[in-house]
Amino acid sequence: RRTLNAYCANGYNTPSYSPRAESPTIPCMKLRIVPARTGLDWVKGGILVFRRQPLAMAALFFLSMTAISVVSLFPLIGPALALVLLPSVTLAMMVASAEAMQGRFPTPDVLLVAFRTGRHSLRHMLQLGALYAAGFLLVIGLSALIDGGQFALVYLGQAELTEEVVQSASFQGAMWLSMALYLPLSLLFWHAPGLVHWHGVPPVKSLFFSIVACVRNLGAFTMYGLGWMGVFAIGGLVTSLLAGLLGGSLGALSGIMVGLAMVMATMLFGSIVFTFRDCFEPPGRSAERPDDEERPATPPPTDGPAPHD
């Protein structure tokens with residue numbers, strides 16, 4: 001049975017970054033190819049993590065999103081700086097999920113895990129965040145070529161979303177273009193925070209390994225996406241049923257919708273570590289002797305006489 005021991009915080013040290021190391025080393029990595037049905041196991045893993053530590057996981061996600069929102073309010077550089085921090089938030093939720101699955105209570109200090117593993121890790125995580133911000137802003141900039149930047153302004157909260165704007169053909173075109181471009185961007189950065197943190201992979205190389213892992217396990221990720229679409233559909237159905245029961249109580253309905261959306265987003269972020277675990281061998285596995293229960297079976301003897309001393 002696989003464990004998440006290698007992906008827990010453990011004092012925020014990783015095999016690739018010792019506290020006094022002057023330069024990181026890149027351990028050997030082995031890509032895993034998993035069956036398509038594994039994608040549904042990833043969805044179940046995210047739900048299970050939330051069931052084990054609902055208050056802790058929801059609180060960590062709320063704190064991280066609040067921090068991102070506060071940073072985005074800084075003049076001029078706020079929105080870009082918030083984008084830079086998003087990979088670190090993803091890593092924090094991965095570590096929190098690993099801690100929860102090991103029976104530990106994830107504490108708020110996991111939100112700083114990306115910044116407490118040495119200067120090399122910090123520099124690489126900031127570089128990864130800068131690459132993500134550049135990619136995201138490029139996607140938004142390309143969408144502006146279609147509608148003159150209306151979608152970008154609405155997405156960044158600088159313009160109001162009205163019915164007239166939504167029905168605009170140019171706005172819809174910009175929205176669909178942004179969605180199409182964001183998909184490969186998300187695949188590039190899906191595994192990147194974990195690769196940088198646990199495996200010590202440089203940021204640019206982590207993007208390559210991340211998208212290769214996603215493409216090689218396309219069947220599993222397709223089932224993963226369909227599984228979460230089903231979960232969100234069930235959430236929408238529950239909201240509709242509650243709306244009928246509550247009648248015209250818009251305040252209560254809005255609160256339920258926000259709470260349900262936060263729960264589902266927390267479960268989604270909590271499932272990312274399972275995708276990472278199953279796509280890559282744990283750090284140090286190839287360099288260190290495996291545990292007895294994970295040791296491969298002794299190969300059968302070959303034909304011919306056994307060697308004598």
Side-chain angles (χ1 to χ4, degrees), residues 37 39-70 72 82 86 89-90 92-94 96-97 100-101 106 111 136 140 143 150-168 171-180 182-183 185-186 190 220-275:
R37 63 178 181 274
L40 296 179
D41 293 334
W42 297 339
V43 177
K44 296 175 184 176
I47 297 173
L48 179 59
V49 165
F50 186 81
R51 286 180 57 189
R52 288 195 175 189
Q53 296 288 353
L55 295 179
M57 295 299 296
L60 288 174
F61 183 76
F62 176 78
L63 287 174
S64 62
M65 291 299 103
T66 300
I68 292 294
S69 299
V70 170
S72 67
L86 277 178
V89 170
T90 301
M93 294 302 296
M94 293 173 71
S97 297
M101 290 305 294
L111 297 178
F136 185 86
I140 294 296
S143 73
Q150 184 65 41
F151 174 77
L153 292 175
V154 170
Y155 190 90
L156 297 175
Q158 303 299 316
E160 185 179 355
L161 181 62
T162 63
E163 183 178 354
E164 181 181 357
V165 171
V166 172
Q167 293 179 351
S168 170
F171 180 87
Q172 294 182 9
M175 178 186 67
W176 286 110
L177 176 63
S178 298
M179 292 177 62
Y182 187 75
L183 178 59
L185 180 68
S186 64
W190 190 263
F221 275 94
T222 300
M223 296 301 297
Y224 178 70
L226 292 175
W228 280 118
M229 288 177 62
V231 172
F232 295 151
I234 293 174
L237 179 60
V238 171
T239 303
S240 299
L241 293 174
L242 292 176
L245 294 175
L246 295 175
S249 181
L250 296 180
L253 181 59
S254 299
I256 292 174
M257 290 178 62
V258 171
L260 187 59
M262 180 174 294
V263 167
M264 291 189 294
T266 302
M267 293 190 295
L268 174 61
F269 272 79
S271 68
I272 295 177
V273 73
F274 298 99
T275 69

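Residues passing the side chain to side chain donor-acceptor pair (under 3.5 Å) test with T275, sequence neighbours excluded: W190. For Y155, the side chain to side chain donor-acceptor pair (under 3.5 Å) test picks out no residue, with sequence neighbours left out. Partners of S69 under the side chain to side chain donor-acceptor pair (under 3.5 Å) rule, at least two apart in sequence or in another chain, do not exist in this structure. Considering only residues two or more places apart in sequence or on other chains, Q167 meets the side chain to side chain donor-acceptor pair (under 3.5 Å) condition with E163.
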Check residues 39-53 and write down every donor-acceptor pair under 3.5 Å in which the side-chain atom is one partner and the other belongs to a residue at least two apart or another chain.
from	atom 1	to	atom 2	distance (Å)
W42	NE1	F274	O	3.3
W42	NE1	D278	OD2	2.8
R52	NH1	M101	O	3.1

May I have the list of side-chain donor-acceptor pairs in residues 255-265 shorter than 3.5 Å, sequence neighbours left out?
none

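With hydrogens and angles ignored, the 3.5 Å screen pairs a side-chain donor or acceptor of T90 with a backbone N or O of L86.
Minimum interatomic distance between L60 and P106 (heavy atoms only, all atoms of both residues): CD1-CB, 3.7 Å. Closest non-hydrogen pair, L177 versus S143, comes out as CD2-CA, 4.1 Å. Taking both residues in full, the closest heavy atoms of M57 and S97 are given as CE-OG, 3.5 Å, listed atom of the first, atom of the second, then distance. Taking every heavy atom of both residues into account, Q150 and F171 meet most closely at CG-CD1, 4.0 Å.
Taking CG of L268 as the start and OH of Y224 as the end, the distance is 4.5 Å to the nearest 0.5 Å.
V273 is not listed as a side-chain neighbour of M93, based on a closest heavy-atom distance of 4.5 Å or more. Under the 4.5 Å side-chain criterion, counting only non-hydrogen atoms from C-beta, L183 is in contact with S186. Taking the side chain as every heavy atom from C-beta outward, F151 and I140 approach each other to under 4.5 Å.
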Inset, instruction - Evaluate the criterion side-chain contact (heavy atoms from CB on, under 4.5 Å) for residue pair W228 and S271; output intermediate values, then yes/no. - result: CA-CA 10 Å; W228 280 118; S271 68; 3.6 Å; yes
